[in-house]
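Here's the structure, in structure tokens; my notes come after.
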Amino acid sequence: KVINERIQYVDNEGKLITESLKDYSTKKLKEEYKSLDSFLTQWNNAQKKKAIIIELENQGIFFDELNKEIKKDLDPFDIVCHLAFDQPPLTKKERAENVKKKNYFTKYGEKARMVLESLLEKYADEGIENIEDMKVLTLKPISEFGTATEIVSYFGGKEKYEEAINELKKIIYS
């Protein structure tokens with residue numbers, strides 16, 4: 001039985017840290033974002049959420065390790081909100097279910113709707129980073145709907161596809 005656990009790691013400045021990963025991450029997040037509003041503004045304005053995630057990882061926020069410690073399958077968005085601002089976290093699956101309840105997909109044609117539903121499932125399994133990249137259209141199960149060009153055409157072109165993805169991201173995080 002584990003009586004005590006001590007974690008040591010090196011931060012981005014090469015300094016040895018001996019505090020818990022959660023405590024260190026909370027402190028770093030609060031330094032980066034002074035308020036929940038400042039974080040939400042930056043998150044919502046970011047074209048690619050992955051850029052924020054990479055920036056935070058470069059500062060020593062280890063999302064995979066934090067997920068293991070928290071013992072939930074959280075999106076980096078929920079980890080930040082939970083640790084830095086004491087917000088109740090939602091798992092990726094819970095966020096995906098909330099999107100489904102909002103009937104967001106009804107305004108799209110059948111094939112586009114099926115693509116968006118598959119992308120939402122991919123988000124629930126793997127996170128936001130994967131659905132932001134156009135390469136996702138070449139991966140299963142999305143590739144089963146056709147080539148990337150065909151899939152984009154279901155939305156009326158690349159611009160409309162990107163609008164649909166941006167709207168999906170907004171609804172995931174609303």
Out of curiosity, [X] [atom1] to [Y] [atom2], how far, rounded to the nearest 0.5 Å?
{"X": "Phe105", "Y": "Leu119", "atom1": "CZ", "atom2": "CG", "value": "8.5 Å"}
{"X": "Leu29", "Y": "Ile79", "atom1": "CG", "atom2": "CD1", "value": "9.5 Å"}
{"X": "Lys101", "Y": "Asn98", "atom1": "NZ", "atom2": "CG", "value": "5.0 Å"}
{"X": "Asn67", "Y": "Glu65", "atom1": "CG", "atom2": "CD", "value": "9.5 Å"}

Distance-only, no hydrogens or angles: does the [X] side chain make a donor-acceptor pair with backbone N or O of [Y] under 3.5 Å?
{"X": "Asp78", "Y": "Leu74", "answer": "no"}
{"X": "Ser153", "Y": "Glu150", "answer": "yes"}
{"X": "Tyr154", "Y": "Phe145", "answer": "yes"}
{"X": "His82", "Y": "Gln87", "answer": "yes"}

Starting from [Y], can I reach [X] by hopping between I/L/V/M/F/W/Y residues whose side chains sit under 4.5 Å apart?
{"X": "Leu36", "Y": "Ile172", "value": "yes"}
{"X": "Val80", "Y": "Leu90", "value": "no"}
{"X": "Val136", "Y": "Met134", "value": "yes"}
{"X": "Ile54", "Y": "Leu56", "value": "no"}

- Message: Could you work out, with salt bridge (charged side-chain N to carboxylate O under 4.0 Å, His left out) as the rule, every residue matching Asp133, not counting sequence neighbours?
- Response: none
- State which residues pass salt bridge (charged side-chain N to carboxylate O under 4.0 Å, His left out) with Lys160; sequence neighbours excluded, sorted by chain then number.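 For Lys160, no residue satisfies salt bridge (charged side-chain N to carboxylate O under 4.0 Å, His left out) once neighbours in sequence are set aside.
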Partners of [X] by side chain to side chain contact (heavy atoms under 4.5 Å, CB included), sequence neighbours excluded?
{"X": "Glu159", "value": "Glu163"}
{"X": "Glu31", "value": "Lys27, Lys28"}
{"X": "Ser143", "value": "Lys140"}
{"X": "Thr41", "value": "Asn45"}

So which atom in [X] and which in [Y] form the shortest heavy-atom distance, rounded to 0.1 Å?
{"X": "Tyr24", "Y": "Gly60", "result": "CE2-O, 3.5 Å"}
{"X": "Lys30", "Y": "Ala84", "result": "CE-O, 3.0 Å"}
{"X": "Ala96", "Y": "Leu120", "result": "O-CD2, 3.5 Å"}
{"X": "Ile151", "Y": "Gly146", "result": "CD1-O, 3.5 Å"}
{"X": "Phe85", "Y": "Phe39", "result": "CE1-CB, 4.0 Å"}

- Got a sec, which pairs hit ring-ring contact (aromatic ring centres under 6.0 Å, His included) with one end in residues 45-68, sequence neighbours left out?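 Residue pairs with at least one partner in residues 45-68: there are none.
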- Message: Which residues pass the side chain to side chain donor-acceptor pair (under 3.5 Å) test with Lys71, not counting sequence neighbours?
- Response: none
Side-chain donor-acceptor pairs under 3.5 Å in residues 121-132, sequence neighbours left out?
| residue | atom | partner | partner atom | Å |
| --- | --- | --- | --- | --- |
| Glu121 | OE2 | Lys100 | NZ | 2.5 |
| Lys122 | NZ | Glu126 | OE2 | 3.1 |
| Tyr123 | OH | Asp75 | OD2 | 3.1 |
| Asp125 | OD1 | Lys93 | NZ | 3.0 |
| Glu126 | OE1 | Asn130 | ND2 | 2.8 |
| Glu132 | OE1 | Lys49 | N | 3.1 |
| Glu132 | OE1 | Lys50 | N | 3.1 |
| Glu132 | OE2 | Lys49 | N | 2.5 |
| Glu132 | OE2 | Lys169 | NZ | 3.1 |

- Message: Using the rule salt bridge (Lys or Arg N to Asp or Glu O under 4.0 Å), only one of Arg95, Lys68, Lys92 pairs with Asp73; which is it?
- Response: Lys92
- Task: May I ask you to say whether Arg113 pairs ionically with Glu110, meaning some side-chain N is under 4.0 Å from a carboxylate O?
- Result: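 Answer for the salt bridge query: no.
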- Message: Any heavy-atom pair between the side chains of Leu21 and Glu69 that's under 4.5 Å?
- Response: yes
- Message: Within the structure provided, determine whether Pro76 and Glu57 are in side-chain contact (heavy-atom separation under 4.5 Å).
- Response: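 With C-beta onward as the side chain, the pair stays apart.
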- Task: Report the residues that fulfil ring pair (Phe, Tyr, Trp, His ring centres under 6.0 Å) with Tyr173, sequence neighbours left out, ordered by chain and then residue number.
- Result: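 Counting only residues at least two positions away or on another chain, Tyr173 forms a ring pair (Phe, Tyr, Trp, His ring centres under 6.0 Å) with Trp43, Phe77.
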- Those residues that, when tested against Tyr108, pass ring pair (Phe, Tyr, Trp, His ring centres under 6.0 Å) (two or more places apart):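 For Tyr108, the residues satisfying ring pair (Phe, Tyr, Trp, His ring centres under 6.0 Å) (neighbours in sequence not counted) are Tyr104, Phe155.
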- Item | salt bridge (charged side-chain N to carboxylate O under 4.0 Å, His left out): pairs with one or both residues in residues 32-47, sequence neighbours excluded | none
